[in-house]
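Each chain gets a letter, A, B and so on, in the order its sequence line appears, and its residues count up from 1. Not measured: the values here are computed from a predicted model.
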Protein chains: 2
Amino acid sequence: MARYQVGIRTEARILEAARELLGEFGLDATTLKAICDRAEVRVGSFYNLFDSKETVVLRVVAEAIAAVDPDPAHLGTETLNDLVEAYIAFFTNESIVARIYVQIAVSGALNNGELHHRIERHHEQRVDRFRAALQRGNPALSVENATERTEILLATLNGLAFRAALNADFDFARHARATAIEARSPAVRRPT
Amino acid sequence: MARYQVGIRTEARILEAARELLGEFGLDATTLKAICDRAEVRVGSFYNLFDSKETVVLRVVAEAIAAVDPDPAHLGTETLNDLVEAYIAFFTNESIVARIYVQIAVSGALNNGELHHRIERHHEQRVDRFRAALQRGNPALSVENATERTEILLATLNGLAFRAALNADFDFARHARATAIEARSPAVRRPT
DNA sequence: TCCGATTTTGATTGTACACTCTAATTTGAG
DNA sequence: CTCAAATTAGAGTGTACAATCAAAATCGGA
């Protein structure tokens with residue numbers, strides 16, 4: 001299936017249109033028609049290049065996440081701080097796309113089994129990367145302890161992001177950084 | 001608008017049907033037709049009693065949340081533990097309804113301004129109740145400190161709930177209780 | 001220039017959904 | 001029993017959407 005240049009450019013235009021619409025107006029407003037209108041393409045051309053609307057949406061979301069990856073090559077050199085900052089960057093710069101991610105995770109999960117697994121796997125990979133980075137900066141931690149701590153940290157970050165999605169005034173970055181510091185330098189219980 | 005008994009019973013049947021469908025199959029599967037079929041009511045009767053489908057859904061969700069309220073009369077006697085346990089009960093027993101709450105918060109928030117404010121207000125009231133309970137059990141805490149701590153605690157609980165929604169095996173209750181203990185008895189930073 | 005492969009078009013299909021409207025029926029207070 | 005008000009029925013409206021298809025146009029290697 002040797003591609004023609006025209007088709008490749010059209011594909012790029014469609015992706016760009018989807019990226020812009022999703023990032024600006026959210027999932028519900030990004031209809032197939034809206035994408036095609038902005039890309040100046042007719043519906044038929046869209047389906048000549050993509051299997052479905054879902055394909056495009058998932059690709060845009062995946063690319064937005066990948067764009068802030070502090071270690072795209074997976075060299076294992078990232079610090080916990082890098083990962084947290086990447087997380088903050090994603091939710092700060094791409095808040096609507098981030099919301100779409102949650103939207104897909106929450107609404108699609110019950111119905112669409114394949115999608116559910118993709119998101120589940122994605123989250124587990126994230127736990128793993130965060131845990132590894134935490135242990136790198138803190139070799140004394142056991143795997144169990146580090147995993148536990150990572151689960152809590154990520155839960156808090158997700159919760160804070162959700163909070164920020166509800167209230168734009170909420171200082172997501174500050175809370176996120178404070179939480180991350182807490183997770184990095186282990187606290188001890190005050191004797192009671 | 002003096003009600004007839006028949007209408008009151010029909011209203012109850014519709015609410016019950018919506019409750020069952022939402023709790024079992026989620027928001028997307030709970031169509032107007034599905035509600036009417038289960039309630040054995042025709043569409044026209046539905047709209048004689050309710051303004052919209054949204055009305056019914058929001059009422060079911062609100063009632064599910066109210067059902068686990070440890071202090072429905074707002075006497076101010078609830079402990080932080082009570083509140084956390086209520087939260088755990090809601091997400092454990094009514095996991096699908098809880099998911100619907102998130103679904104509404106995330107997808108509706110951008111479009112529907114009125115709904116957005118309701119959910120925002122609900123969250124702020126929750127922060128307030130949690131903070132008050134925390135201070136009651138820990139009078140030494142300043143309002144600022146308690147608020148901060150509460151924001152983090154609630155964010156973590158929400159994040160853990162989200163995690164549990166993705167992976168049914170995740171031990172939500174254990175993590176939630178552990179986090180709450182942490183929040184209750186302030187930890188101090190280990191000197192570095 | 002030729003010609004098969006790719007791309008484009010846009011009318012059309014199909015579907016799912018919330019919601020409306022009017023006429024018929026039922027209720028229950030007086 | 002009467003009758004106005006409440007309730008019910010259910011066909012019908014309107015809309016928004018993703019996706020299909022066959023024919024026309026275009027591409028680009030040989």
Inset, instruction - In sequence, state the C-alpha distance, the side-chain angles, and the governing distance for B:R126 and B:L83, and then conclude on side chain to side chain contact (heavy atoms under 4.5 Å, CB included). - result: CA-CA 9 Å; B:R126 185 144 68 177; B:L83 288 168; over 6 Å; no

Inset, instruction - Check the distance between C:dA5's C1' and A:N48's CG and give it to me in whole angstrom. - result: 11 Å

Inset, instruction - Applying side-chain contact (heavy atoms from CB on, under 4.5 Å), name anything that partners B:R131, two or more places apart in sequence or on another chain. - result: B:D128, B:Q135, B:V143, B:A146, B:T147, B:T150

Legend entry - Within residues 7-15 of chain A: residues closer than 4.0 Å to DNA chain C (heavy atoms): A:G7, A:T10

Inset, instruction - Using the test side chain to side chain donor-acceptor pair (under 3.5 Å), find all partners of A:D37 that sit at least two apart in sequence or belong to another chain. - result: A:K33

Inset, instruction - Write down the distance between CZ (A:F50) and P (D:dA18), rounded to a whole number of angstrom. - result: 15 Å

Inset, instruction - Please name all residues satisfying side-chain contact (heavy atoms from CB on, under 4.5 Å) with B:E144, sequence neighbours left out, ordered by chain then number. - result: B:S142

Inset, instruction - Applying side-chain contact (heavy atoms from CB on, under 4.5 Å), name anything that partners B:E124, two or more places apart in sequence or on another chain. - result: A:R163, A:N167, B:E120

Inset, instruction - Please identify each residue that fulfils salt bridge (Lys or Arg N to Asp or Glu O under 4.0 Å) with B:D71, with sequence neighbours left out. - result: none

Inset, instruction - Could you list all the ring-ring contact (aromatic ring centres under 6.0 Å, His included) pairs where at least one residue sits in residues 68-89 of chain A, not counting sequence neighbours? - result: A:Y87-A:F91

Inset, instruction - Using side chain to side chain donor-acceptor pair (under 3.5 Å) as the criterion, list what pairs up with A:D69, not counting sequence neighbours. - result: A:R129

Inset, instruction - Report, as a single string ordered 5' to 3', how protein heavy atoms within less than 4.0 Å touch nucleotides 19-30 of chain D: B base, S sugar-phosphate only, - not at all. - result: BBB-----BS--

Inset, instruction - List in numerical order all residues of residues 35-42 of chain B for which some heavy atom is under 4.0 Å away from an atom belonging to DNA chain C. - result: none

Which atom pairs, donor and acceptor, lie under 3.5 Å between side-chain atoms of residues 7-21 of chain B and protein residues at least two apart or in another chain?
from, atom 1, to, atom 2, distance (Å)
B:T10, OG1, B:V6, O, 2.9
B:E11, OE1, B:R3, NH1, 3.0
B:E11, OE1, B:R3, NH2, 3.1
B:R13, NE, B:A39, O, 2.8
B:R13, NH2, B:A39, O, 3.4
B:R19, NH1, B:E63, OE1, 3.2
B:E20, OE1, B:R38, NH1, 2.7

Legend entry - Which residues share a side-chain contact (heavy atoms from CB on, under 4.5 Å) with A:N81, sequence neighbours left out: A:T79, A:E85, A:R184

